[in-house]
Number of protein chains: 2
Amino acid sequence: MTTKCTQCPLRGLELFKPMSDREVGFMERFKVGEMTVQAGTPLMSEGSNSPQLFTALSGFGLRYTLLADGRRQVLSFILPGDFIGLQAGVMEYMTHSVEATTDMTLCVFNRSELWTLFRNQAERAFDLTWLSASEERFLGEALATIGQRSAYESIAWAFSRLYRRLDALEMREGSSVPLPYRQQNLADALGLSLVHTNKTLAQLREKKLANWTNGRLHVPDIEALEEVGLVEHPTLPRPLM
Amino acid sequence: MTTKCTQCPLRGLELFKPMSDREVGFMERFKVGEMTVQAGTPLMSEGSNSPQLFTALSGFGLRYTLLADGRRQVLSFILPGDFIGLQAGVMEYMTHSVEATTDMTLCVFNRSELWTLFRNQAERAFDLTWLSASEERFLGEALATIGQRSAYESIAWAFSRLYRRLDALEMREGSSVPLPYRQQNLADALGLSLVHTNKTLAQLREKKLANWTNGRLHVPDIEALEEVGLVEHPTLPRPLM
DNA sequence: CGCCTGTTTGAAGTGGTTCAAGACAGGTGG
DNA sequence: CCACCTGTCTTGAACCACTTCAAACAGGCG
């Protein structure tokens, strides 16, 4: 059974900007269906021209690119509320792949309707651009991380960002949030080897800054962690597509 | 004397998507002036909320962020045709700084007019989003570079991209293009030390793949260079704002 | 000429990689 | 219920790509 946008479980969260009734109505029409996929399913692949756009409703995913020789760079972790496929939408060509890490449910939109969005829904078009700019901003920060931060700082940065975001999604329980990825995924995101990632995780655990076990991330003192990770800009309320 | 959009020296290049008369007319009104700045001038700074947006008409610039302790990450090199300040435009907050590396001339737009663009010029709004997605795409590639490529590959990648772009801007003369940056800038862009950047440049020179001297980049065989840099996606025609 | 900025080179040190192997948990089939 | 997978995490040890430190060199400019 498809979730109606009026009853969207995400929209009410403080993380997301409020939406007018008119906008919700439009989204309801823009949305063509809902999709449930199993862990491991590819959602979009590099070089393809997907006719569909998604918003993650629940579950976790990964966005990554591959180099010609197989080296993998994880670009970001996909969490509920993330919009997927903007690149395919406007550029008609994906330069990265997306896959589901856990089971996911996704709202499905029709790419060909994107143009009517720009024509008739200036606010939503603006929001879309906002999201794109926000993604750009995030990647800039990630670039500064891989380029300048040490492994220890990098992981602290990544954990801080994820913890804050998952907290804002109200997925925090006590001082921990779900984080169902492999160490290899984090290593690929930060440009580190698996072995070194593992050893650095052990250091953070020992210093009582962060403990990532069994798919959950425990952070006793988020501000201390942010300090180690040299985190500066807060997470802003964002539009939800 | 201000350049009229109808006589824009960039618009006719194959690198840029053709624009309808209506669009050109709109840009003419959107543009509030032209600015000439000297080398070294800051154009936007992190944390600020600039009321102006720019398009680089001529000259070279740099986009960068600073970490709290002063480490610098160059996010991209700004070349003629690049749009500057989209982030400030939609998010009202810059998370990176921009400065002129050489003397530059820039078209100046009024940020407050951005909203009328979304209201009345759906095509231009779409183009803006396209540009933002393109920037995101570029940063993703840069991330894969810093995260996965060796220093040697990284520089080959950066040089390939710059050479192709400057060629498309018709700034190539023979087998060389202008590239008026310091080695330190490239080092900051690729997350490398100055010393290692210098030594790696020497290797590329020795292998006759690229020779960057006196502000000019000489590339005898761009395809060979792209192969070393594992470059995969071509430069697409892009909208010009 | 003296000074400044940027480039180049040498040498020593280290943060991170790679290689290798063991431990642990969950899943499967006999 | 046990034996044996397979995938993930963990740990130790050797190595190296890149950093840091240090100093010399080259060109432009007052």
Side-chain angles (χ1 to χ4, degrees), chain A residues 38-40 60 62 67 69-74 99 101-102 145-159 178-207 210-218 228 230, chain B residues 38-40 60 62 67 69-74 99 101-102 145-159 178-206 210-218 228:
Chain A
Q38 288 189 323
F60 294 78
L62 274 181
L67 294 195
D69 60 6
R71 279 173 279 179
R72 172 178 304 228
Q73 176 68 43
V74 167
E99 71 179 43
T101 304
T102 64
T145 298
I146 305 192
Q148 308 299 328
R149 283 178 246 245
S150 68
Y152 188 71
E153 292 165 342
S154 290
I155 296 183
W157 171 81
F159 278 175
L179 195 65
Y181 296 96
R182 316 275 123 222
Q183 293 186 358
Q184 183 69 63
N185 297 328
L186 183 61
D188 287 343
L190 299 175
L192 300 169
S193 70
L194 172 61
V195 172
H196 194 57
T197 300
N198 179 285
K199 288 174 180 169
T200 309
L201 285 170
Q203 286 180 52
L204 282 164
R205 207 176 301 133
E206 195 179 334
K207 291 260 174 63
N211 185 347
W212 182 29
T213 333
N214 294 322
R216 288 197 75 86
L217 172 65
H218 299 258
V228 171
L230 298 165
Chain B
Q38 288 189 323
F60 293 78
L62 274 180
L67 295 194
D69 60 7
R71 279 173 279 178
R72 169 177 308 227
Q73 177 67 45
V74 166
E99 70 179 43
T101 304
T102 64
T145 298
I146 304 194
Q148 308 300 329
R149 283 178 247 245
S150 68
Y152 189 71
E153 292 165 342
S154 290
I155 296 183
W157 171 81
F159 279 175
L179 195 66
Y181 296 96
R182 316 277 121 217
Q183 293 186 358
Q184 182 69 63
N185 297 328
L186 183 63
D188 288 343
L190 299 175
L192 300 170
S193 71
L194 173 60
V195 171
H196 194 56
T197 301
N198 180 285
K199 287 173 181 169
T200 309
L201 285 169
Q203 286 180 53
L204 282 165
R205 207 177 299 133
E206 194 179 332
N211 184 349
W212 182 28
T213 332
N214 294 322
R216 288 198 75 87
L217 172 65
H218 299 257
V228 171

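In this text the structure is predicted, and so the values were computed from the model without any measurement.
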Would you mind reading off the distance between [X] atom [atom1] and [N] atom [atom2], rounded to a whole angstrom?
X       : N       : atom1 : atom2 : value
I146(A) : dG16(C) : CD1   : P     : 13 Å
R216(A) : dT8(D)  : CZ    : C1'   : 19 Å
L190(A) : dG15(C) : CG    : C1'   : 15 Å
Y181(B) : dT5(C)  : OH    : C1'   : 19 Å

Mind checking [X] for me? I need base, sugar-phosphate or nothing, with any heavy atom below 4.0 Å counting as a touch.
X       : value
L201(A) : nothing
G215(A) : nothing
A151(A) : sugar-phosphate

[X] side chain, from C-beta outward: closest of [options]:
X       : options                   : answer
L194(B) : dA22(D), dT18(C), dT7(C)  : dT7(C)
V195(A) : dG16(C), dC21(D), dT18(C) : dT18(C)
S193(B) : dT19(D), dT8(C), dT17(C)  : dT19(D)

Is it true that a side-chain atom of W157(B) and a backbone atom of R149(B) form a donor plus acceptor pair closer than 3.5 Å?
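A pair under 3.5 Å: no.
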Ignoring hydrogens and angles, tell me if any N or O in the side chain of Q73(B) forms a donor-acceptor pair with the backbone of D188(B) under 3.5 Å.
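Indeed, once roles are kept as given, a pair shorter than 3.5 Å links the two residues.
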Distance check: side-chain N/O of [X] vs OP1/OP2 of [N], anything under 4.0 Å?
X       : N      : answer
R182(B) : dT8(C) : no
N198(B) : dT8(C) : yes
Q183(B) : dT8(C) : yes

Only one of T101(A), L217(A), T102(A) passes side-chain contact (heavy atoms from CB on, under 4.5 Å) with Y181(A); say which it is.
T101(A)
Mark yes or no for a side-chain to base donor-acceptor pair under 3.5 Å between K199(A) and dG12(D), with no hydrogen or angle criteria applied.
yes
Heavy-atom check, side chain of W212(A) versus side chain of I155(A), under 4.5 Å
no
